[in-house]
There are 2 protein chains.
Amino acid sequence: MTMGWHMVMGFEPSLIGCYIWDQNHSFEMVRNSRECVINVPTVDLGTKVVGIGYSSGRDIDKFAEFRLTAVPGTHVGAPLIEECYASFECKLNDAKLIPTYSMFVFEVVKAHVAVSPKYPRTMHYRGDGVFMLSGTKFRRLFKPQNL
Amino acid sequence: MTMGWHMVMGFEPSLIGCYIWDQNHSFEMVRNSRECVINVPTVDLGTKVVGIGYSSGRDIDKFAEFRLTAVPGTHVGAPLIEECYASFECKLNDAKLIPTYSMFVFEVVKAHVAVSPKYPRTMHYRGDGVFMLSGTKFRRLFKPQNL
């Protein structure tokens with residue numbers, strides 16, 4: 001599935017909160033297996049990202065349909081997507097927020113990240129079919145004389 | 001305060017989940033008043049954003065120190081920052097996640113957004129003093145023949 005709402009919730013352990021709509025095919029799969037892989041695509045996969053968001057795993061095999069390569073994980077049964085820049089193997093850390101917020105709190109148990117580029121071109125959803133491409137990296141340190 | 005971890009959690013009502021560290025001066029202020037304003041700065045305010053993140057309201061008046069203009073809200077007692085692109089007046093909708101996750105679930109009760117530009121240059125924290133500037137906007141609709 002394509003996911004738009006998520007946030008870091010902690011470093012130790014490494015927690016990520018994810019909203020998964022209860023009508024999504026993934027909802028029960030993840031709730032039952034208590035694990036998943038979060039894959040981070042770059043913008044060259046943009047059309048596939050959107051197509052995956054508009055289709056359901058109830059109807060098609062998305063790996064086949066979108067010509068993506070499933071790679072076995074080392075800590076979870078769910079596969080990684082080889083074409084993605086980063087993949088985070090996750091176990092469900094807290095299911096308590098699911099009934100109220102459809103929110104899954106995952107712990108990252110294994111991270112796979114490409115060595116380069118250091119700052120890939122990622123895509124960020126603004127809503128209504130509009131995305132923001134990740135822009136320039138910059139460093140901004142606190143310089144009191146510079147306010 | 002400067003805040004890095006947040007996510008949309010719903011549309012109706014409009015909910016935003018925010019992580020506020022329990023050591024922050026803002027933590028008790030927001031927990032007690034049960035309201036806040038979330039202001040969205042553009043990159044021209046970048047040095048102030050970082051300075052605000054590195055200082056505490058226990059020690060200084062940040063509006064004075066960083067030369068920002070407080071504007072009264074219409075639905076909450078907390079002030080808006082006039083120099084920011086957007087300001088969301090919020091009421092605490094759910095305090096139950098605070099003890100476990102330092103997470104405040106706010107409802108946006110009034111939104112103020114500049115009419116232009118439509119896509120401002122915003123800044124997004126990557127960690128370790130590095131930010132990403134918001135990049136190009138693009139539209140990507142699902143075109144099955146184009147996978």
Side-chain angles (χ1 to χ4, degrees), chain A residues 2 4-11 15-19 21 43 45-55 65-68 93-94 96-97 100-103 105 118-147, chain B residues 2-11 15-19 21 43 45-55 65-68 93-94 96-97 100-103 105 118-119 121-147:
Chain A
T2 299
W5 294 355
H6 48 262
M7 74 183 273
V8 172
M9 292 180 68
F11 284 137
L15 300 180
I16 303 180
C18 300
Y19 174 90
W21 188 34
V43 70
L45 296 173
T47 304
K48 297 189 187 204
V49 167
V50 176
I52 288 165
Y54 272 109
S55 57
E65 184 83 11
F66 296 99
R67 282 172 241 152
L68 294 168
N93 183 279
D94 186 348
K96 287 195 298 291
L97 312 187
T100 311
Y101 292 113
S102 283
M103 177 127 145
V105 181
K118 187 162 181 193
Y119 298 106
R121 299 292 263 174
T122 48
M123 50 194 291
H124 306 266
Y125 196 47
R126 287 187 176 278
D128 291 330
V130 176
F131 293 83
M132 178 192 82
L133 188 61
S134 62
T136 321
K137 165 217 121 174
F138 66 99
R139 196 171 284 277
R140 188 64 55 98
L141 299 172
F142 180 48
K143 296 179 194 142
Q145 74 281 12
N146 202 15
L147 297 175
Chain B
T2 300
M3 185 176 63
W5 295 355
H6 47 263
M7 72 184 275
V8 172
M9 292 179 69
F11 284 137
L15 300 179
I16 302 180
C18 300
Y19 174 90
W21 189 34
V43 69
L45 295 173
T47 304
K48 298 189 186 204
V49 168
V50 176
I52 287 165
Y54 272 108
S55 57
E65 183 83 13
F66 296 99
R67 282 172 240 152
L68 294 168
N93 182 279
D94 185 348
K96 288 195 298 293
L97 313 189
T100 310
Y101 291 113
S102 282
M103 179 127 146
V105 181
K118 188 161 179 193
Y119 299 107
R121 299 291 263 174
T122 48
M123 52 194 290
H124 306 267
Y125 196 47
R126 286 186 177 279
D128 290 331
V130 177
F131 293 83
M132 177 190 85
L133 188 61
S134 63
T136 321
K137 165 218 122 175
F138 65 99
R139 196 171 283 278
R140 188 65 56 95
L141 299 170
F142 181 48
K143 297 180 193 140
Q145 73 282 10
N146 202 15
L147 300 174

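Letters A, B, ... are given to chains in the order of the sequence lines, protein chains preceding strands, and every chain is numbered from 1.
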Requested in this report: For residues B/Tyr125 and B/Thr2, determine if any side-chain heavy atom of one lies less than 4.5 Å from a side-chain heavy atom of the other.
Outcome: no

Query raised in the report: Can you tell if the side chain of B/Lys96 reaches within under 4.5 Å of the side chain of A/Lys96, non-hydrogen atoms only?
Result: no

Report task. Hey, could you give me the CZ/CZ distance between B/Phe131 and B/Arg126, rounded to the nearest 0.5 Å? Result -> 11.5 Å

Query raised in the report: Measuring from A/Phe66:CZ to A/Thr47:OG1, what's the distance to the nearest 0.5 Å?
Result: 10.5 Å

Below 4.5 Å from any heavy atom of chain A, which atoms of [X] appear? Answer side chain, backbone, both or neither.
X: B/Val43; value: both
X: B/Leu45; value: neither
X: B/His6; value: backbone

Report task. Check the angle between the aromatic planes of A/Phe11 and B/Trp5 and answer parallel, tilted or perpendicular using the 30° and 60° thresholds. Result -> perpendicular

Query raised in the report: In terms of heavy-atom pairs under 4.5 Å, which option from A/Asp94, A/Thr100, A/Val49 contacts chain B the most?
Result: A/Asp94

Query raised in the report: Between A/Lys137, A/Met9, A/Met123, which residue shows the highest count of heavy-atom pairs closer than 4.5 Å to chain B?
Result: A/Met9

